[in-house]
Amino acid sequence: MQPFTKNVITVIKNIPTGKVMTYSQVAACAGSPRGARQVVRILHTMSEKYALPWHRIVNIKGEITIKDAVHQKTLLENEGIVVTQAFTLNLEQYQYKVEPIDFDL
DNA sequence: TTAGTGACAGGCA
DNA sequence: CTGCCTGCCACTA
């Protein structure tokens, strides 16, 4: 498995309940500042196999932009996160700042 | 092989 | 913040 993929999985699994991260934030932390799209792909591919909290990943605006937004909204609310009817949340309040992770750098 | 697409983001108006 | 445009990278037709 590529380091990037492994790092993304590690980062996502480290997101505490009640917090969220943006795609680029995860990508940057995993070693690829412009890998937001790849994070998406990894979520699609690995979320089920690795039991990743994919619902804690939102875009830079704090908005849920996936097809099954209703489902994600439900999961987030289940963790105590307030999501508006427009599928947005308060990033200032919920965004999780990760510690600089070493990984293989 | 090239072209189009997507659960995105940054720069600019 | 919103909208539009461009860059990004992997996947599919």
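Every chain is numbered from 1, with letters handed out A, B, ... down the list of sequences.
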Whole-Å gap separating P (dC9(C)) and CD1 (I42(A)): 14 Å
Side-chain donor/acceptor of Q72(A) to backbone N/O of H55(A), under 3.5 Å: yes
Whole-Å gap separating C1' (dC8(C)) and CZ (F4(A)): 12 Å
Heavy-atom donor-acceptor pair, Q25(A) side chain to Y96(A) backbone, under 3.5 Å: yes
Exam field: side chain N14(A) to backbone T10(A), donor-acceptor pair closer than 3.5 Å: yes
Distance, rounded to the nearest Å, where R34(A) contributes CZ and dG7(C) contributes C1': 9 Å
Complementary nucleotide for dC8(C) - Watson-Crick or wobble, under 3.5 Å: none
Nearest-angstrom distance from the residue atom CD of E48(A) to P of dA7(B): 16 Å
Backbone N/O of G18(A) and side chain of R56(A): donor-acceptor pair under 3.5 Å: no
Neighbour count above 12 (heavy atom, 6.0 Å) for E77(A) CD: yes
Spacing of Q38(A) atom CD relative to dT5(B) atom C1', expressed in whole Å: 13 Å
Distance in angstrom units between Q2(A) CD and dC9(C) C1', rounded: 11 Å
Less than 3.5 Å apart, which donor and acceptor atoms pair up between the side chains of residues 27-45 of chain A and the rest of the protein, not counting sequence neighbours?
| from | atom 1 | to | atom 2 | distance (Å) |
| --- | --- | --- | --- | --- |
| T45(A) | OG1 | R41(A) | O | 2.9 |

Atom-pair distance (CG on L43(A); C1' on dG6(B)), nearest Å: 13 Å
Protein-to-nucleotide contact annotation, 5' to 3' order, nucleotides 8-13 of chain B [B base; S sugar-phosphate only; - none; under 4.0 Å, heavy atom]: BSS---
